[in-house]
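Below is one structure, written out as structure tokens; comments come after it.
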Number of protein chains: 2
Amino acid sequence: MTEDMSEEARSTGAKQAGRPRRSEQTLLDAAAAVFLASGVDAPVREIATKAGVGVGTIYRHFPTRAELVVAVYRHQVEACADAGPRLLADSVTAEAALRSWVALFVEFLVTKHGLAGALHGDDAGSDALHTYFVERLVPVCGSLLEAALGAVDTAPAVDAYNVLKGIGNLCIGAATDARYEADVLVQLFVTGVLAPRIR
Amino acid sequence: MTEDMSEEARSTGAKQAGRPRRSEQTLLDAAAAVFLASGVDAPVREIATKAGVGVGTIYRHFPTRAELVVAVYRHQVEACADAGPRLLADSVTAEAALRSWVALFVEFLVTKHGLAGALHGDDAGSDALHTYFVERLVPVCGSLLEAALGAVDTAPAVDAYNVLKGIGNLCIGAATDARYEADVLVQLFVTGVLAPRIR
DNA sequence: TGTTTTACGGAGCATTGTTCCGTAATGTTG
DNA sequence: CAACATTACGGAACAATGCTCCGTAAAACA
């Protein structure tokens with residue numbers, strides 16, 4: 001009970017002693033700017049400098065670089081997730097919906113310098129990033145896939161997790177390699193995934 | 001002339017003063033062992049220790065970590081490149097040849113911890129790796145692709161470079177993520193690439 | 001005004017790739 | 001055989017980077 005009260009007190013207006021927290025939004029804005037300029041792999045120190053803040057402050061708000069990245073792109077990931085059902089409702093065919101959604105996802109990944117690369121959580125640090133993307137987008141991708149494959153009697157060749165991660169991987173390096181056409185490759189990949197239906 | 005003579009002298013038997021070079025093979029063996037145990041991203045120090053050598057020695061033989069990696073896997077890359085024409089000759093269809101070759105390539109990439117990830121030369125350091133793979137394998141992949149797509153009148157959707165790099169990307173993380181089935185995804189991707197022929 | 005609480009800043013630690021230089025080993029030469 | 005010249009060696013040192021820690025400053029409270 002006492003804990004509940006103190007927590008509520010904190011979240012309502014009753015102020016506690018102590019320095020006021022810097023608005024996280026300030027940090028997020030600075031991070032977004034730096035990511036835009038130098039890519040998602042930009043050093044934390046650079047973000048701290050840009051925000052006029054010590055690195056400690058960043059780490060107190062976002063315990064890991066990956067969580068900072070998640071926070072910066074949360075809006076856009078949510079938007080991407082929300083677009084799934086909408087496209088499914090608005091498109092004439094389920095395949096068209098899937099392809100539009102995939103194109104959206106690819107554009108998002110490619111636009112953000114190095115996001116796709118940071119996405120495969122091999123190193124322990126970027127787990128948060130990987131986990132968030134997967135948890136949020138796999139269900140969406142799954143629905144679209146299911147709809148697009150609905151008419152088939154054979155089991156799908158791969159699950160939504162694999163499709164999503166495959167797409168993510170295909171986007172790696174797209175921003176830095178002019179010859180690499182991630183969007184085309186991804187659409188061909190989708191064609192392959194849907195192929196059993198075509199045959 | 002004088003330069004030619006001295007160079008020839010060095011490469012034939014006439015010995016120059018100086019400490020004898022450690023056999024590069026020793027270093028390569030140690031590196032291969034460490035890569036097998038800890039992945040291609042293993043610290044250079046670890047390799048040096050394993051080889052009973054200072055880091056300086058490694059860097060004198062292989063100016064960059066990437067070049068060391070290239071040297072370690074050169075044999076297998078060559079084997080993969082050589083397999084291309086052979087498969088094309090031995091398979092009943094060009095598509096079968098392409099698919100077999102791709103499977104070979106995928107197995108190679110997936111077997112070596114993190115090789116696929118190190119392959120996209122975003123950071124300047126791993127350029128050598130990227131370049132070598134591309135130069136050696138793009139032509140091979142191109143021949144197989146051309147053969148498999150030969151019957152089509154429409155232009156191919158993507159070039160061999162994109163296909164090769166796409167496959168490479170699809171293999172990223174396969175070794176560390178049990179749920180991720182790179183081999184299946186790659187074959188679906190190939191299906192997509194060949195799709196114009198199917199329709 | 002003094003106390004308490006809380007956030008802040010940035011020095012510091014650990015880990016990397018890579019460079020550099022004094023030193024050791026070995027063939028050549030007198 | 002004894003200097004010498006040459007070459008490779010080893011590992012300390014540097015720079016970059018993620019992350020931790022602690023003394024300090026600011027704000028609310030009494």
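Letters A, B, ... are given to chains in the order of the sequence lines, protein chains preceding strands, and every chain is numbered from 1. All values reported here derive from a predicted model rather than from experimental measurement.
Side-chain contact annotation: A/D183 with A/Q187, donor-acceptor N/O pair under 3.5 Å absent.
Comparing D/dG10, D/dT17, C/dT16 by their closest approach to the side chain of A/R45 singles out D/dT17. Of the candidates D/dA27, D/dG10, C/dT18, D/dG10 carries the atom nearest the B/V53 side chain, counting heavy atoms from C-beta on. Listed nucleotides: D/dT17, C/dT18, D/dC19. Nearest to the side chain of A/T64: D/dC19. You'll find that the side chain of A/R60 is closest to C/dG9, out of C/dG9, C/dC13, C/dG17.
A sub-4.0 Å separation between OP1 or OP2 of C/dC8 and a side-chain N or O of A/H61 is present. Proximity of B/T57 to the phosphate of D/dA8: no side-chain N or O atom is located under 4.0 Å from OP1 or OP2.
Using a 4.0 Å heavy-atom distance criterion, B/R21 is classed as a sugar-phosphate-only contact. Using a 4.0 Å heavy-atom distance criterion, B/R22 is classed as a sugar-phosphate-only contact. Residue B/V55 is classed as a base contact, given a heavy-atom separation below 4.0 Å to a base.
Note: CZ (B/R65) to C1' (C/dT15) measures 13 Å, nearest angstrom. With rounding to whole Å, A/Y59 atom OH is found 13 Å from C/dC13 atom C1'. Rounded to an integer number of Å, the gap from B/F62 CZ to C/dT19 C1' is 18 Å.
B/K165 has a carboxylate O that lies under 4.0 Å from a charged side-chain N of A/D177, or vice versa, which qualifies the two as a salt bridge.
A/E46 pairs by the salt bridge (charged side-chain N to carboxylate O under 4.0 Å, His left out) definition with nothing, not counting sequence neighbours.
Nearer the 5' end of DNA chain D, as judged by each residue's closest nucleotide, is the contact made by A/D41, out of A/G56 and A/D41.
At least one test fails for B/R65 against the ring of B/Y59: distance under 6.0 Å to the centre or angle within 45° of the axis.
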